[in-house]
Amino acid sequence: MSNRKFYITTAIPYVNAAPHIGHALEFVQTDAIARYRKARGDGVGLVTGSDENSLKNVHAAEAKKITPAQLCEQNAEVFKKMGDRIGLSYTSFRRTSIQKDHWPGVHRLWELCAKAGDVYKKKYRGLYCVGCESFYEESELPDGVCPEHKTKPETVEEENYFFRLSKYQDRLEKLVESGELKILPATKKNEVLGFIKGGLQDFSISRSVTRAKGWGVPVPGDDKQIMYVWFDALGTYLTGIGYGTDEAQFNKYWPADVHVIGKGILRFHAVYWPAILLSAGLALPKTVFVHGYITVEGQKMSKSLGNIVDPFMLIDKYGVDPLRYYFLSEVPTFDDGDFSEKLLAEKNNSELGANVGNLVNRTMVFLTNNFAGEIPHGEPTGEDKAFLESQKAQYGKVAQALDELRLKDALDSAMAFSSSVNKFFQDSAPWKSVKEDRAKAAASLYVLANQVKDVAILMSPFLPNTSDSIFAQLGMEKKGWDDLGKLSVKPGHKIGKPQILFARIERKETQQKK
RNA sequence: AGCGGGAUAGGGUAGCUUGGAGUGCCCGCCGGGCUCAUAACCCGGAGACCGUUGGUUCAAAUCCACCUCCCGCUACCA
């Protein structure tokens with residue numbers, strides 16, 4: 001039906017710490033967009049992966065007495081598992097330390113930039129802490145000593161490759177200003193513009209092999225230098241769809257329609273990355289979607305506070321869809337949000353259970369008990385038709401919000417749709433009419449079953465498991481977006497067995513503290 | 001310090017461009033109704049000096065100025 005492609009990416013997390021709910025949030029947001037496009041019939045590519053070429057991994061591996069490759073293998077696996085469990089429908093999981101998949105593409109990218117005359121060698125001079133094995137700015141050093149080791153960094157000089165970012169200042173400014181490279185939300189666009197207007201300086205894109213401890217992607221034609229991790233990490237967006245390994249696939253998907261990122265890495269995506277692509281002569285991504293961070297009970301997640309929330313634990317405890325629902329409906333799409341288990345439970349019970357779960361259940365059970373589990377032959381009344389008509393406005397609302405990536409608004413509209421169906425159930429009162437006017441009850445249930453089917457479609461981007469379960473309960477194949485509003489659940493169709501979609505979460509007394 | 005964003009009922013948001021009764025949404029809370037359904041659904045209600053102060057105006061959440069408080073960015077650090 002559609003020949004359109006849609007290519008979306010998550011940022012690729014560092015693998016040197018366990019995934020937390022911030023990563024889970026990003027996966028869920030990305031996935032909701034991807035599933036929506038799929039439901040609309042687009043050919044969707046979703047690339048995620050892991051950023052493995054950092055020095056920290058070398059250190060962590062040393063501490064564990066294993067090789068960096070082994071460490072990355074283990075840690076990447078955890079992120080991949082998180083993606084799988086939370087329902088991230090990725091088409092490629094790109095690990096940056098896997099040579100055959102990733103390196104040919106980034107090598108080509110580098111070479112194209114070099115050919116454009118944008119890569120040059122320059123002496124870099126800075127304050128280097130041997131303990132940290134990294135450079136510091138003067139402003140980062142209280143009393144002139146390394147904050148961690150309390151030693152005075154030495155001045156070290158090293159020759160590195162630099163990227164001529166300054167050359168692209170004007171073009172970048174225009175691209176961002178005009179919205180040709182769209183940055184959402186607008187506040188982030190302003191930040192980027194402010195940064196660009198402040199003047200762009202060239203930045204280093206390589207490290208000495210010694211300093212990188214030999215770990216990372218080597219610079220083509222210079223085995224003394226390793227690529228700066230960001231240069232190769234950003235390259236994931238290209239190599240994930242076959243750049244350097246599968247040209248046909250690459251040409252089908254590139255450019256990216258959306259890069260989903262956290263606010264901490266905005267500059268890399270909205271300034272460095274487009275500049276690199278311009279240099280290499282590649283098309284630019286269309287949109288950079290910037291989400292916020294998650295606080296826990298009002299506090300920043302941090303190791304020292306010990307309040308890092310593990311997404312695996314939440315999934316085990318509450319299930320995938322309630323957690324996805326929390327991320328999409330409670331956390332502002334483009335802003336920071338707070339997480340609390342109490343609120344998760346509340347939303348599960350009062351929104352998911354009471355609205356969607358209850359609607360599906362009461363419809364299914366009613367059909368089972370009164371119509372032997374078969375969609376009845378009923379001719380919709382004038383009121384039924386008016387209701388169906390009035391519901392149509394919601395399809396557009398959900399779609400438009402999703403087209404603009406306003407996920408929370410879209411989900412709210414989908415919930416409002418479900419809510420209206422509940423209201424219709426109440427107003428039609430089939431439990432009365434089934435005794436007095438069976439034809440009327442039949443019509444109501446025929447309408448209700450079809451509306452429940454539409455709920456399943458509308459929820460599919462957000463709550464895929466719920467959506468699947470509703471289709472299973474209806475005893476039918478999954479339907480895409482273009483089935484919305486159609487009475488495709490036909491009279492005579494036999495439905496499946498009713499099932500509880502969202503178990504109530506009872507809060508335990510153990511929460512009490514004195 | 002500079003630049004940018006924000007302050008709307010117990011929580012979270014929309015409204016602000018193009019002033020017109022505090023208007024809306026998602027929850028929470030209280031009351032009533034109903035009963036097909038996951039003790040749910042429906043209806044109703046309480047709750048806001050729209051951050052402070054001042055100005056423009058017949059009229060300001062909305063425009064202007066000052067102030068207070070929060071947050072982000074200010075380069076090679078998710």
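Letters go in sequence order (proteins before strands), and every chain restarts at 1. Since we're looking at a predicted model, the values are computed, not measured.
- With B:rC27, B:rC36, B:rU38 as the choices, the nucleotide that has an atom nearest any side-chain atom of A:E351 turns out to be B:rC27.
- Heavy-atom distances to RNA chain B give each of A:M415 and A:R207 a nearest nucleotide, and the one nearer the 5′ end belongs to A:M415.
- When atom types are taken as modelled, the side chain of A:T333 and the backbone of A:K408 share a donor-acceptor pair closer than 3.5 angstrom.
- Residues satisfying the side-chain contact (heavy atoms from CB on, under 4.5 Å) test with A:V271, not counting sequence neighbours, are A:L165, A:L172, A:V192, A:F195, A:I196, A:L200, A:R267.
- Along RNA chain B, the nucleotide nearest A:N190 and the nucleotide nearest A:K432 are compared for position; the residue whose nucleotide lies closer to the 5' end is A:N190.
- If you look at A:F289 and A:F334, their ring centroids are closer than 6.0 Å.
- Nucleotides B:rG20 and B:rC25 place their C1' atoms 22 Å apart, quoted to the nearest Å.
- Annotation: A:K263, atom NZ; neighbour count of heavy atoms from other residues, nucleotides and ligands within 6.0 Å is above 12.
- Contact annotation: A:K423 side-chain N/O to B:rC43 OP1/OP2 distance is under 4.0 Å.
- If you look at A:Y161 and A:W110, their ring centroids are closer than 6.0 Å.
- In this structure, B:rA7 and B:rU68 make a Watson-Crick or G-U wobble pair, each of the two defining distances being under 3.5 angstrom.
- B:rU13 and B:rU8 are spaced 9 Å apart, taking the P atom of each and rounding to whole Å.
- On the C1' atoms, B:rG15 is 15 Å away from B:rG6, given to the nearest whole Å.
- Look at the P atom in both B:rC69 and B:rC30: the space between them is 38 Å, to the nearest Å.
- Residue A:N355 is classed as a sugar-phosphate contact, given heavy-atom separations below 4.0 Å to backbone atoms only.
- In this structure, A:W431 counts as stacked on the base of B:rC36 under the 5.5 Å centre distance and 30° plane angle limits.
- Following rounding to the nearest Å, A:K122 (NZ) and B:rA75 (P) show an atom-to-atom distance of 15 Å.
- Rounded to whole angstrom, the span from the CZ atom of A:F425 across to the P atom of B:rC42 amounts to 12 Å.
- When heavy atoms are screened at a 4.0 angstrom cut-off, A:L200 is found touching base atoms of the nucleic acid.
- For B:rG44, the paired nucleotide is B:rC30, the pair qualifying as Watson-Crick or G-U wobble because both relevant distances are below 3.5 Å.
- The distance between atom CG of A:L266 and atom P of B:rA75, rounded to the nearest whole Å, is 14 Å.
- Atom C1' of nucleotide B:rG12 and atom NZ of A:K408 are separated by 7 Å, given to the nearest angstrom.
- Checking B:rU38, B:rC26, B:rU13 against the side-chain heavy atoms of A:F502 singles out B:rU38 as nearest.
- Between B:rA75, B:rC41, B:rG28, one nucleotide has an atom nearer to the side chain of A:E346 than all others, and that is B:rG28.
- Pair assignment for B:rU23: B:rA14, on the basis of Watson-Crick or G-U wobble contacts that are both within less than 3.5 Å.
- Cation-pi geometry between A:R324 and A:F462 is not satisfied (NZ or CZ under 6.0 Å from the ring centre, within 45° of the ring normal).
- For the P atom pair drawn from B:rC73 and B:rC64, the interatomic distance equals 27 Å after rounding to whole Å.
- Within the structure, every side-chain polar atom (N or O) of A:N358 is placed at least 4.0 Å from both OP1 and OP2 of B:rC41.
- Pairing for B:rC50 is absent, with no Watson-Crick or G-U wobble pair whose two atom distances lie under 3.5 Å.
- In this structure, A:T187 reaches the sugar-phosphate backbone alone: every heavy-atom distance under 4.0 Å involves primed, P, OP1 or OP2 atoms, never a base.
- Note on A:S329: every side-chain N or O is 4.0 Å or more away from OP1 and OP2 of B:rC26.
- In this structure, A:K347 atom NZ and B:rU38 atom C1' are separated by 18 Å, rounded to whole Å.
- Nucleotide B:rC77 has no partner under the Watson-Crick or G-U criteria, as no pair reaches both atom distances under 3.5 Å.
- Going from atom CZ of A:F424 over to atom C1' of B:rC36 covers 14 Å, rounded to whole Å.
- Among the heavy atoms of the strands, none lies under 4.0 Å from A:G194.
- Taking atom P on both nucleotides, B:rG55 is separated from B:rC43 by 45 Å, rounded to a whole Å.
- Distance check on atom C1': B:rG2 versus B:rC58 gives 41 Å, rounded to whole Å.
- In this structure a side-chain-to-backbone donor-acceptor pair under 3.5 Å is missing from A:N348 to A:G353.
- Here B:rC63 sits opposite B:rG55 as a Watson-Crick or G-U wobble pair (both hydrogen-bonding atom distances under 3.5 Å).
- Residue A:I205 is classed as having no contact, given no heavy-atom separation below 4.0 Å to the nucleic acid.
- Here the C1' atom of nucleotide B:rC26 and the CG atom of A:N348 are 16 Å apart, to the nearest Å.
- Residue-to-nucleotide contacts include a donor-acceptor pair under 3.5 Å from the side chain of A:Q426 to the base of B:rC36.
- Residue A:F231 is out of contact with every strand shown, counting any heavy-atom pair closer than 4.0 Å.
- Heavy-atom neighbours of A:Q169 CD from other residues, nucleotides or ligands within 6.0 Å: above the threshold of 12.
- At the heavy-atom level, A:F195 lies under 4.0 Å from base atoms of the strands shown.
- Remark: P of B:rU13 and CG of A:L411 are 16 Å apart, rounded to the nearest angstrom.
- Across B:rG54 and B:rG44, the matching C1' atoms stand 41 Å from one another, rounded to whole Å.
- Residue A:F366 places its side chain closer to B:rC36 than to any other of B:rG72, B:rC41, B:rC36.
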